[in-house]
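Notes follow once the structure below has been shown.
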Amino acid sequence: MPIPPLVSVCMTTYNHASYLAEAIEGVLAQQTAFDVELVIGEDCSTDDTRAVCEAYVAKYPDRIRLVTSAKNVGWRANYRRTFEACRGKYVAYCDGDDWWCDPQKLQLQVDLMESDPACGMCYTGADEYHQISGLLKPDPDHHYTRFEDMLLGISVPNCTTLARRELIASYYADIRPEEHPEWRTDDWPMWLWFSVHSQIRFIDRITAVHRRVEGSVSHAGTYRNRIAFRNSVMGISLWFDERYTASRHRFRIHRRRSRVNLWILSLNGTFGEFLGTWWDDVRQTPRLLLCPEGVIFLTKKVLNRIKNRHS
């Protein structure tokens with residue numbers, strides 16, 4: 001029986017024909033002292049993504065494996081089946097529309113993980129490429145590793161992570177994310193669970209580029225979809241806060257959700273939407289009435305309307 005590679009790269013893809021080659025080449029360019037396999041989960045794309053996958057598998061049959069099916073299974077099931085096909089001690093994630101820009105990425109991360117058995121997952125910085133505008137934004141300057149900080153905002157770019165396979169398997173067995181259809185992402189709960197059950201470490205180095213594509217799950221184009229996604233991930237935080245800290249951070253999470261949603265509505269939507277959201281937040285969490293965000297963002301919305309009228 002062949003010895004499994006030390007690292008498996010889990011790459012899910014759907015309608016990424018224009019981007020996938022760049023993602024694959026970033027993996028193939030890795031310079032490592034160990035074997036790496038790339039496992040691609042293709043979910044019956046409607047463009048030429050399947051053809052791109054098959055061409056690379058034919059060219060690199062010893063390095064790339066394809067996981068697919070006759071019917072679309074959806075993003076969550078595709079992530080799960082692709083992970084389960086990974087054989088390495090460590091699993092790195094990189095979606096088919098992102099790419100790695102540092103050929104030393106995996107070697108750097110494996111060296112850290114091998115030297116620190118308590119570390120369950122490590123991640124690096126990533127720049128953001130906005131597909132529509134062509135703008136490349138630098139990596140944010142905040143990177144969290146503690147559960148209490150991550151409840152308010154995950155700062156882990158999925159495309160930079162490397163985790164122990166056994167830890168990921170334990171997450172799936174314990175949390176069973178397929179039982180939470182209201183969760184619009186599997187990243188957020190996974191990283192929160194890791195931060196409770198192991199150590200997370202951040203490496204201060206840019207190794208990847210996260211492509212922001214309008215209409216994706218986490219970057220939905222309309223402001224209403226962005227609010228819905230924000231409500232979903234904050235709901236995940238509330239669930240984990242209740243499970244692990246007896247809801248000690250509940251108010252902080254509600255305040256964070258309200259602040260972000262009111263900021264979005266100060267720039268978009270009607271006054272009715274803004275006031276309705278604010279009132280719903282206050283009814284749910286009365287302490288929010290004492291926070292200044294509502295008045296601040298309402299004032300901002302009024303000033304924006306005056307400015308737009310004059311322009």
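Owing to the predicted nature of the structure, the values given are computational and were not obtained by experimental measurement. Start at 1 with the first residue, then count along the sequence.
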(Q) Taking the basic N atoms (NZ, or NE/NH1/NH2) and the acidic carboxylate oxygens, is any pair closer than 4.0 Å for Arg250 and Glu242? (A) no

Q.
Under a 4.0 Å threshold between the charged nitrogen and the carboxylate oxygen, would Arg63 count as salt-bridged to Glu37?
A. no

Q: Test Arg81 against Glu84 for salt bridge (Lys or Arg N to Asp or Glu O under 4.0 Å), laying out the working first.
A: CA-CA 5 Å; Arg81 70 180 180 181; Glu84 290 178 345; over 6 Å; no

Q) Is it true that Trp279 and Phe297 fall in one hydrophobic cluster, defined by side-chain heavy atoms closer than 4.5 Å? A) no

Q: Would you check if the side chain of Lys301 reaches a backbone N or O of Phe271 as a donor-acceptor pair within less than 3.5 Å?
A: no

Q: Look only at the side chain of Ser8 and the backbone of Val91, and say whether a donor-acceptor pair between them is shorter than 3.5 Å.
A: no

Q. Taking atom types as modelled and ignoring hydrogens, do the side chains of Glu273 and Tyr223 form a donor-acceptor contact shorter than 3.5 angstrom?
A. yes

**Q.** Arg283 bridged to Asp280 by N-O distance under 4.0 Å
**A.** yes

Q) Do we see a donor-acceptor contact under 3.5 Å between the side chains of Ser258 and Trp278? A) no

(Q) Ring-plane angle category for Phe194 and Trp191, please: parallel below 30°, perpendicular beyond 60°, tilted otherwise. (A) tilted

Q.
Check this for me: does any side-chain nitrogen of one of Asp139 and Arg205 sit under 4.0 Å from a carboxylate oxygen of the other?
A. no

Q | Ring centroid separation Tyr144 to His142 under 6.0 Å | A | yes

**Q.** Side-chain donor or acceptor of Asp98 paired with backbone N/O of Cys94 under 3.5 Å
**A.** no

**Q.** Pair Asp241 + Arg248, salt bridge at N-O below 4.0 Å
**A.** no

Q) Any chain of hydrophobic side-chain contacts (each under 4.5 Å) joining Phe34 to Val39? A) no

Q | Arg164 NZ/CZ over Tyr90 ring centroid, <6.0 Å and within 45° of normal | A | no

(Q) Taking Pro5's backbone N and O only, do any of them form a donor-acceptor pair with Arg87's side chain (distance below 3.5 Å, no angle check)? (A) no

(Q) If I take atom OG1 from residue Thr13 and atom CG from residue Asp43, how far apart are they, to the nearest 0.5 angstrom? (A) 9.5 Å

Q: Decide whether Phe274 and Ile296 are clustered together by the hydrophobic rule: side chain heavy atoms of Ile, Leu, Val, Met, Phe, Trp, Tyr closer than 4.5 Å, transitively.
A: no

(Q) For His180 together with Trp239, are the ring centres under 6.0 Å from each other? (A) yes

Q: Look at the side chain of Thr285 and the backbone N and O of Arg287, then say whether any donor-acceptor pair between them is shorter than 3.5 Å.
A: no

(Q) Would Lys137 pass as a cation-pi partner of Tyr129, given that its NZ or CZ must be under 6.0 Å from the six-membered ring centre and within 45 degrees of the axis? (A) no

Q: Report yes or no: is the cationic atom of Arg165 (NZ for Lys, CZ for Arg) under 6.0 Å from the centre of the six-membered ring of Phe83, at an angle within 45° of the ring normal?
A: yes

**Q.** Cluster link Trp100 to Tyr123, ILVMFWY, side chain under 4.5 Å
**A.** no

(Q) Tell me whether Asp47 contacts the main-chain N or O of Ala17 through its side chain, where contact means a donor paired with an acceptor under 3.5 Å. (A) yes

Q: Under the salt bridge (Lys or Arg N to Asp or Glu O under 4.0 Å) rule, what do Arg146 and Glu148 come out as? Steps first, then yes or no, please.
A: CA-CA 6 Å; Arg146 297 173 60 252; Glu148 291 78 7; 3.5 Å; yes

Q. Is it true that Lys89 and Glu114 make a salt bridge, defined as a side-chain N closer than 4.0 Å to a carboxylate O?
A. yes

Q. Counting N and O atoms only, with roles assigned by atom type, does the side chain of Arg259 sit under 3.5 Å from a partner on the main chain of His254, one being a donor and the other an acceptor?
A. no

